[in-house]
Every structure is written in C-alpha cells, then in structure tokens.
Amino acid sequence: MKIARLPLATLETSVVPSRARRKPKSYWALRIGIGILAFYIAVALLSLVWTPYDPLTPGIGDGYDAPSLAFPLGTDRLGADMLSRLMAGARYDLGISLTAVAIALTVGTTIGTFAGYYGGKVDIAILRGVEIFQAFPGLLFAMLVVQAVGAGITNVILVLSFVGIPDYLRLARAEIHAKRHWQYAEAARMVGNPPWRVAFRHLLPNSVGPVLAFTSINAAFSALVTASLGFLGLGLGPNTPEWGSMIARGQDGVMTGQWWVSFFPGLAIMGLTGSFYLLGDALSDITDPRRRQ
Amino acid sequence: MSFVNMSVGDAILQVRDLHKIFPVEGGRRLVAVDGVDLDVAAGETLALVGESGSGKSTVARCIVRLIEPSGGEVTIDGTAIVPLPTKRLAGIYRRIQMVFQDPNASLNPRMNVRQVLDEPLRLHLALSGAERAGRVRELVEMVGLTPAHLERYPHELSGGQRQRVGIARAIAVSPDIVILDEPTSSLDVSVRGQILGLLLDLQQRLGLAYLFISHDLQVVQHVADRVAVMYLGSIVETGPVADVFRDPRHPYTRALLSAAPVAQWGVKRTRVRLAGEIASAIDPPDACRLVGRCPMAQPSCSAGKPSLIDLGQAHAVACPVVVDRPT
C-alpha cells in the first residue's frame, strides 16, 4: 500500500505566506529610492555652500556651450552654468514639494481623523466638500490659483499642499472610520482616554500605513506640478533655477541641437519622481499589515 | 412593572429598566434590550447567560456606555452612569471596568504591555513615574506574568497571556466591579481553566464584583453566585446558581439547561425542546417573547409581556404559567 506523501514544500510555503520572497524585493526598491533621494538632498544642501559657478549669473560661458571639462553639463542660452543651476534647482524642487507634502499630510490627516472618529453630519459635510473640490484636476487648480494670487514660493507651496489635503483627509478618515469601533478603541475609551486621545494616540498609529505610502506618491505629484508651473512660467521668478523653468528655457535649443539645456533638468525631475514612486511602492508593501509579523 | 429585589446584600451595581432600541430600515425598531433590571452586590458574581442574539453583550455595553442606552438607569454605588454627560464618563471608569471577549482585538497592536498597563494609571491616578512603574510590575505579577513580559507586544504573547494583560488592565485602577464579556470563549480550552482560576483568585484577593457574560453554562455553574437568564432582550429567570440549575422554572431556562451535555455516566435527562428558532427582535408584540415556541403556552401568554414573579429565596421567574402550576 502506498502512503500518500504530504506535499511538504507546498505546505511550508503556504504556512509562511510568501514573506520570504517578497521582503527582499521591497527592500530593494526601498534602498534604491532612499539612495536616490539622499543624493538629491545632499546636492541641495551642498548647493547652499558650494556650486561650481554662481547659478544666477548669465554670461559665464558664451551661451549654448556644449558639455566640456569647464562646464560638465554645458551652459544655457544666456551662458549660465547648467551644473550650478541644476544643483541650486534641487533646493527649489525638493524644498517646495517636501514642504507642501508635510503641510498636506499634517492638515489632511488631522481633519480626516476628526471626521472619521466623530462621524455624523460634520463628517458628511467635509466629505461632500472634498468631493466637489476633487472634481477639479489638481494641476489645473494649481495653475488657476497661482495665476490669481500671484507668484512666489509661499504661494506655490500653499497651493500644492491645498491640492494634496483632500487625499490625506479621505485616506485617514476611511481608516479611522473603519477602526473606531474596534475593540481596542473601545478598550481605550474604557481606560479613560478622552476621545481625541483614542483617535490620535490609539487609532491613528494603527492607520498610518496607507497614509505614509501615499505620502511619496503625493511627493512625486507635487514635484511634477512644481516643475509644470515653472515650465509654464507661473509661480517662481523668471531667473529662478527651478528645473521646470530650465526646461522651458532650453526648448528652442532642442530643435537646433543644444539638447543638454532641457535634457538634464528633465533627467533630474525624472530621477526625483522615480525615487518617490519606488519609495511609495516599497512603503505600501511594508506597511500592509498582512505582510508583517 | 413590579420590581423584584434579586440581590443579596447591598448592590454595588444597579440596573433599572434598561432599554436599547436600534432603528432599522423602514421605521421599524429592533428592541435589543427590553427593560432589564440587574443588581450586583459587592464581591459577588452575577452571571448573565443567554444564546447569541439574546442581548446580553448589549446589556454589558450599555452599562458602561460603549453604546448609548435608549432608556433606563444605571448606578454604581449610588453614582449614576446612565444617565450621565459623556464628558464625565472617564471618572466612572475608575469604578467599573471590562474584560473583553477577544484579547487579540482589544489590545492595541502598537503598545507593549508596560504601555497598556501604564495608561489607565496615568489617566486616573496622580502617581509619580516610579510609583506607576511599581504598580505596573505589581499588576503583571498579580495576573501571573513576569516583568520580562513588560516589553512584549501583543503579537509576541499567547492568547492566554494576552487575556491576562486584558485582566491586568481592567484591575489596574482598583475598580469595584468588572464586567467580564465572555472572557474565555475565544481562548483554547486548555487555558480557559487557568484564566477562570485567575479571575476567581483576583476576586477573593481584591473583593471584586463580577458581571459575567457567558453562554457556557458549565462555566457559569462553576464561577457564579447568581445567574440571570436572558431571552430576546429580557430576563426570564434569575436566582442563586444552585437553585436555578437544580430547579429551573421558566420553559426557556429548562430548554437551555437540558441542551447542555451532562458529564456523568448513566444520567439521562429529558430534553425540553422549543419549537423553531429564536424570534425576531424587530417590532416585538406585547406578549411573552417565547409564546410561539413554548410547549406550555396558554392563550393568556399573548396578553402582555410577563414581568418577574418572586418565588422566594431570591429566585424569580417571568412566567405566570409555571408559577400557578406546581411542578
């Protein structure tokens, strides 16, 4: 008589749910994402104390100098050093998008937590308002507002964070709303926690996974909108070494063979948004509770 | 309705005419708790038993205001819990605490044992950090854990250990009464006995009163002093455990007790069988809730919901039919 063999291999993999296979992959994306982002931050900080030339001064080269030893990334139409401008641009693009994300994250999550925990009419009113607002495309809204209220870094940051708030609000609200009747929330109330402590001390830390994962997606979006506003000539001053406006300044050169003026800022934007997306992907993998423990 | 004093001695927890009605679609009303009276004396255990859907957990949650009761009064040692403005509830939770059914769900996954136990102390008592740390260590040892467990998170503990943490949290601020909401039903059979033993031990040492919610009659017989049997939102019989288990009077109590297995060779018992399923609690008629299922139903059973009738020795039953007819 044959004894049926237990398919040991299948059993083991089903007992330990593919964690062993998935984890290295998320860490791989996480490491590359963090690595690229760290490089950008380092460059932005370095540009505060050192750039090869002054990024704001035109006429250092003759204009449209091809990449060479003296100008590794060439010069633009006005003869300003591209490498110096690119380094200084990291400050603007990174600083604007990260600040906007931080504001949107804080404000959106706070309002969303309140709405989700208390529910009721205020919750419904907030949600409806957010839905109306989200019917507008984010970039279009940002363009209109910046055009209306005027240029300047502060305005750009505020508009970007305003565009981001609804997403954080909805994510946090959904998580808190689903969890507010969980037993540990009830247990927290019975321990004597006031409602705000139940919501922020007990529920929020258990709900931040999706919010944090979204943060990097939102950062990528903010970086793109920042560059788009710069490209369209909205938002920052004309000589600001912002990557989007640098692309715009190099547009004409692309047709006549001076590709480097638009290419390198474009590459910088791509690298930055790419690293944010990698981070977001890895974070949503890691914070998914089904893949922990 | 005439109220029957069911308690022995002075009640630490008094529940009077508690109601909970949930609105359902179509303007109908689901009557989950329909006029419940309970008394729990200091240091005693009152078991509230009934099948799923009888409303026993709803009673527990209404008492501590985890859900808002629709009506009635609850007092703890003379102080009102129902009605009471929500803002003042926190103070009440020094007197009354709860152990939840599922220790896995009732512990915050991101707080370790020390944080779980420190929180009630910080919120309720004016103690220094060192005093709180001492109390936390004391609590951990009271429930049979060691200080080594303090830094563990819930997922690093076994089910029994988690429930011990849940118990330690409930007794942290020295309450008068603890509501035990099926504290062992989500645990392995092998650790149930230990947890019940711990609860009995703590009751003796601390003089706690328990309101023990359960559907497990054997456990109830083992731990409770008195029992109240619930059916569809109402208490149908109440009395000392020994009396009710030896001589159940209400047809529902008889059916419930006769359905429990007997762990004794050769003992046969006659099953009391009820017809059909538990009735709907939506828009119930003003009649005995058991009327469609009861083998002893009389025409009078449909004329008004019977209230509890005192049989003496703190035993009371909500069935005029069995009271009039000697068994």
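Each chain gets a letter, A, B and so on, in the order its sequence line appears, and its residues count up from 1.
- Within the model, atoms CZ of A/Arg201 and CG of B/Asn108 stand 7.0 Å from one another, a figure rounded to the nearest 0.5 Å.
- Contacts between B/Ile92 and chain A at a heavy-atom distance below 4.5 Å are absent for every atom of the residue.
- Using a 4.5 Å heavy-atom threshold, the side chains of A/Arg197 and B/Glu119 count as touching.
- Using a 4.5 Å cut-off between heavy atoms, B/Asn104 makes no contact with chain A at all.
- Side-chain N or O atoms of B/Arg110 include one that pairs as donor or acceptor with a backbone N or O of A/Pro205 at under 3.5 Å.
- Residue B/Arg29 qualifies as open at atom CZ: its count of foreign heavy atoms under 6.0 Å is 12 or below.
- Heavy-atom distances place the backbone of B/Leu107, and not its side chain, under 4.5 Å from chain A.
- Inter-residue side-chain proximity for A/His202 and B/Met111 is flagged as met; some heavy-atom pair is nearer than 4.5 Å.
- Looking at every heavy atom in both residues, B/Pro109 comes nearest to A/Asn206 through CG-OD1, 3.2 Å.
- Note: B/Ser106 leads B/Gly91, B/Ala90, B/Ser106, B/Pro120 in heavy-atom pairs under 4.5 Å with chain A.
- Under a cut-off of 6.0 angstrom, the local environment of CZ in A/Phe133 is crowded, with over 12 non-hydrogen atoms contributed by other residues, nucleotides or ligands.
- Of the atoms belonging to B/Arg65, it is backbone heavy atoms, and not side-chain ones, that fall under 4.5 Å from chain A.
- Against chain B, the residues from residues 170-187 of chain A that qualify, each with a non-hydrogen atom under 4.5 angstrom away, are A/Gln183, A/Tyr184, A/Glu186, A/Ala187 in number order.
- For A/Tyr117, the OH atom counts as densely surrounded, since its 6.0 Å shell holds more than 12 non-hydrogen atoms of other residues, nucleotides or ligands.
- Counting heavy-atom neighbours within 6.0 Å of B/Arg192 CZ, excluding the residue itself, gives a total above 12.
- Of all non-hydrogen atoms in A/Met190 and B/Ile96, the two that sit nearest each other are CE-O, 3.8 Å.
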